[in-house]
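Since this is a predicted model, take the numbers as computed values, not measurements. Each chain gets a letter, A, B and so on, in the order its sequence line appears, and its residues count up from 1.
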2 protein chains.
Amino acid sequence: MKNVTIKDVAKAAGVSPSTVSRVISDSHRISKETKRLVRKTMKELGYHHNAIARSLVTQRTDTIGLVMARPTREAFANPFFSGIIQGIAAVTQKKHYSLLLSSTADYREEQEETIKLIRNRRVDGVILMSSRSNDELINQLVQYRFPFVLIGRCAEQEGIPTVNNDNIKDTYNIVKFLLERGYKKIAALSGPEEYIFCQDRAQGYRKALDELADTEPLIMFIDDFKFEEAYQGVLNYLKSGQMRFDAILAFDDMIALGALRAIQDYGFSVPEDIAVVGFNDDPMVSYIKPALTTIRLPIIKMGEEAAKMLIKILNDENYKGEEIILPTEMIIRETV
Amino acid sequence: MKNVTIKDVAKAAGVSPSTVSRVISDSHRISKETKRLVRKTMKELGYHHNAIARSLVTQRTDTIGLVMARPTREAFANPFFSGIIQGIAAVTQKKHYSLLLSSTADYREEQEETIKLIRNRRVDGVILMSSRSNDELINQLVQYRFPFVLIGRCAEQEGIPTVNNDNIKDTYNIVKFLLERGYKKIAALSGPEEYIFCQDRAQGYRKALDELADTEPLIMFIDDFKFEEAYQGVLNYLKSGQMRFDAILAFDDMIALGALRAIQDYGFSVPEDIAVVGFNDDPMVSYIKPALTTIRLPIIKMGEEAAKMLIKILNDENYKGEEIILPTEMIIRETV
DNA sequence: TTGTAAGCGTTATCAA
DNA sequence: TTGATAACGCTTACAA
C-alpha cells in the first residue's frame, strides 16, 4: 500500500497540488465543480492527509502533552490521575486535538521530558500535574512563553494558568463541620509535606482550629499515600496513647481507609469512638462499610477545564489563561 | 525565541548541515574534533532537533497509539484501564517512544479513529483495547499490514498479535476450587455478553460445571459493570427466590462488590451463606470487609507486554508478533 | 571525512 | 479561480 499524496490526487484529477490543498481546507475561492472532482478523486485513490507534513509547514501539531511527574506506579494507583486523564481526553477528543501522554519516573525527568516535548515541537502546549513545587520548570516555561496549564497550585508565582480547588477553604470547612457536630479533638493525617496540596490542607486545618476551637493542631505525616503506611502510622499512634482524638481528617481517601482500619483493629468503632474523613471521593469508598465521609473533588472536571483552557490559550492570541478554582462537595456518609 | 535549526548550527560551526545531522546521529565517520565542535555549538545555540521534520523524512514517528473503544467515563472508572496505560507508558518511556492516547465514545468511532491515526501517519503502530469483537477493524489493519497488538482476544481470527490471559482456564480453575471447597451451587454474574472476555469466562464456567459437577449453569447478565446494576440484579434474584446458590462468581471486581452488598442487605452473610469471588484484584478490594477473594490479572504486565511486542514488531522485520497468554493468580481472602 | 543537493508531503505566497 | 514555486527542518544518496 503506497501512500497516496496530494500530488497523486492532483495528477489524477488534472489539477495542481495547491488546488487539492485548497479543497482539503475547503477554501471558498475554489469552484464547486473542481471541489467535487477533487473530492471524488481523493476518495477513489484513498487519500488521507499526512499530519506530519502539515505540521511541518503550519508549525502546529494540534497535540497537547500531559506530563505526570510521578512514578507511573504511584500515579496510576491513585484514581485521581485516571480522572484527570479522562477529563482531558474527553475534551481533546471533542476539539480534535491529540493527547500525548508522558509519565516520568521522577522530578528531574519531569523537567527534561517537558522541555524535550516542547523543544522538539511534538506538542503545542502541555498540561502539568506536578503537585510539588517545581519552580524551575515553571520558570522555564514562562520564559520560553510556552503555553501550559498547571493542575494544582503554583507555590512560588502568581498569575500562572491553573486549575485547582481551594484546599485551604475546603479543609477549613470540613473541620468547621466536624466541630459543629461536636467533635472536640480533630487530628489530621497528611501525606508528605512537599506536596503543595498537603501544605494547603494543613494550613486550612490549622486555621480552622485556631479560629474555631481551642485545641492544638495534631498532624501526623506519612511517607506515602498508601493504605499500609496510614494503617501503621495511625495504629502506632493509638498504641502510644500519647494523645487522644475523636476525629481524624485524612488528606486522601486511600490513607483514610488505612486509618479507618487501624482504628477498628485497635478496638475502637467508627464513627462512635472516632470519626474518619477522606479527600477525593474515589468511587470505591462509597461501597465499603462504613461508607466513607469525604470531600469530593471534581476531578474529571478539573481535567476538562485544564484542557479547555490550554486549547483556548493556543487559539486565542489575547487569552493568556486564568486561575480556575473549582468547588468541592462534602459527601457525608457513615464515618462521621 | 526563534527556533534554532540544523542550518544555524552548521553556519555557526562553519560546517555543512549534513555534518551536523551526522553528529546528531553519532555517525562513526565523522572526526572527533568536528563532533566536539558541533556539539559545543549546538549547546551554545540551544539546539533541539525538530521531531516533526525528522519524521517527515524518516517516515516514522516513534510514537504508538492507544485506542480505547469505550466511553471515557466507563473506561476510566475501571482500574483495568489505568493499569494497562501504566504498563504501556512505562515501556514507551523506557524505549524512547511516545504514547498517543485516543479514547473514543463508541465502537464506530474506534474504527474511524484508529484508521485516521494510521493513515494520517501520526503513529507507527497501535495497541487496541476493544474487548468486544470488532472484526472489520482488525481486518482492515491486517489488510493494510499496519502494525498492531490487541489486548484481549480476537474472536474471529487466528494468528493476531495479542496479549491476554486464559479466561476459560482461569474461570474453570476457580470454579473447580469452589467445588472442592464444598460449594454445591455456583452462580455466575456476567457483564454484557458482547464482551469476549465475558463469553470466555462463561464458557470456562460452563465447562467446569459440566465436567466436575452435576448442577445446571446459572448465569445472570447485567447491562454494565456497575456496582448498582449488580446490586439490583442480585437482590432481585434473591428476592424472587427462584433459584438458590451458595457461591457467586462475578466476572469483575466492581460487580462482585455489588453482589456482596446485595447478599448482605438481603440478610445473608458472606461467606457463611454465600461465597463471592471477583475478577481483576483492584487494589481497593483487599481493603473492604470482608476482603474479596478474586482472580488477580497481571494488568500492568499486560500493558507492558503489549507495548514491548508492538515495539519489537516495529523494529524487527522478521517478527510478526505472537499470542501471549499471561498467568493469573487466585487471591483467596475472606469472601470464600 | 565532509559537502551538495534532492526529497519527505504539505501549505503559503505570488502571479496569472 | 487556479498554478508555479518556495519554504518548513531534516536525512541521505552521491560526490568530492
- Which part of the nucleic acid, if any, lies within contact of S25(B), taking any heavy atom under 4.0 Å across all strands shown: a base, the sugar-phosphate backbone alone, or nothing? nothing
- Message: Tell me the interatomic distance from N120(A), atom CG, to dC10(D), atom C1', rounded to whole angstroms.
- Response: 13 Å
- Query: When all nucleic acid strands are considered with a 4.0 Å heavy-atom cut-off, which category describes S21(B): base, sugar-phosphate, or nothing?
  - Reply: base
- May I ask you to check whether over 12 heavy atoms, not counting those of K35(A), lie within 6.0 Å of atom NZ? yes
- Message: Tell me the interatomic distance from K11(B), atom NZ, to dT4(C), atom P, rounded to whole angstroms.
- Response: 13 Å
- Task: Using a strict cut-off of less than 4.0 Å between a Lys/Arg side-chain nitrogen and an Asp/Glu carboxylate oxygen, indicate whether K40(A) and E44(A) qualify as a salt bridge.
- Result: yes
- Between dT10(C), dC10(D), dT2(C), which nucleotide has the shortest distance from any of its atoms to the side chain of A53(B)? dC10(D)
- Query: Using a cut-off of 4.0 Å on non-hydrogen atoms, how would the nucleic acid contact of R54(A) be classed: base, sugar-phosphate, or nothing?
  - Reply: sugar-phosphate
- Message: Without decimals, in angstroms, what is the distance between N50(A) CG and dC8(D) P?
- Response: 18 Å
- Does T19(B) place a side-chain N or O at less than 4.0 Å from the phosphate oxygens OP1/OP2 of dG3(C)? yes
- Residue I6(A), side-chain heavy atoms: nucleotide from dT5(D), dT10(C), dC10(D) that is nearest: dT10(C)
- Query: For Y144(B), is the NZ or CZ atom of R119(B) found under 6.0 angstrom from the centre of its six-membered ring and inside 45 degrees of the ring axis?
  - Reply: yes
- Query: Which part of the nucleic acid does T5(A) contact within heavy-atom distance under 4.0 Å: base, sugar-phosphate only, or nothing?
  - Reply: sugar-phosphate
- Message: Side chain of R22(B), heavy atoms from C-beta onward: which of dT13(C), dC10(D), dC14(D) has the nearest atom to it?
- Response: dC14(D)
- Using distance alone, with no hydrogens and no angle criterion, decide if S16(B) and S18(B) have a side-chain donor and acceptor under 3.5 Å apart. yes
- Query: Reckon S31(A) has a side-chain N or O less than 4.0 Å from the OP1 or OP2 of dT2(D)?
  - Reply: yes
- Walking DNA chain C from its 5' end, the first of S18(A) and I30(B) to be reached, judged by nearest nucleotide, is I30(B)
- Starting from P on dG9(D), measure out to CZ on R119(A) and report it in whole angstrom. 13 Å
- Query: Side-chain N or O of T58(A) less than 4.0 angstrom from OP1 or OP2 on dT10(C)?
  - Reply: no
- Find the distance L56(A):CG to dT11(D):C1' and express it as a whole number of Å. 13 Å
- Task: Could you check whether T34(A) gets within reach of a base, just the sugar-phosphate, or nothing at all, counting any heavy atom under 4.0 Å?
- Result: sugar-phosphate
- Note on the structure: note: R29(A), atom CZ; dC14(C), atom C1'; distance rounded to Å ~ 11 Å
- Item | dA7(D) phosphate, OP1 or OP2, under 4.0 Å from Q59(A) side-chain N/O | no
- Message: Distance check needed: dG9(D) P versus R121(A) CZ, whole Å only.
- Response: 9 Å
- Task: Assess whether atom CD of E194(A) is packed by more than 12 heavy atoms of other residues, nucleotides or ligands within 6.0 Å.
- Result: yes
- Message: Donor-acceptor pair, distance only, cut-off 3.5 Å: does the side chain of N120(B) make one with the backbone of N50(A)?
- Response: no
- In whole angstroms, the gap separating P of dT11(C) from CD1 of I52(A) amounts to 13 Å
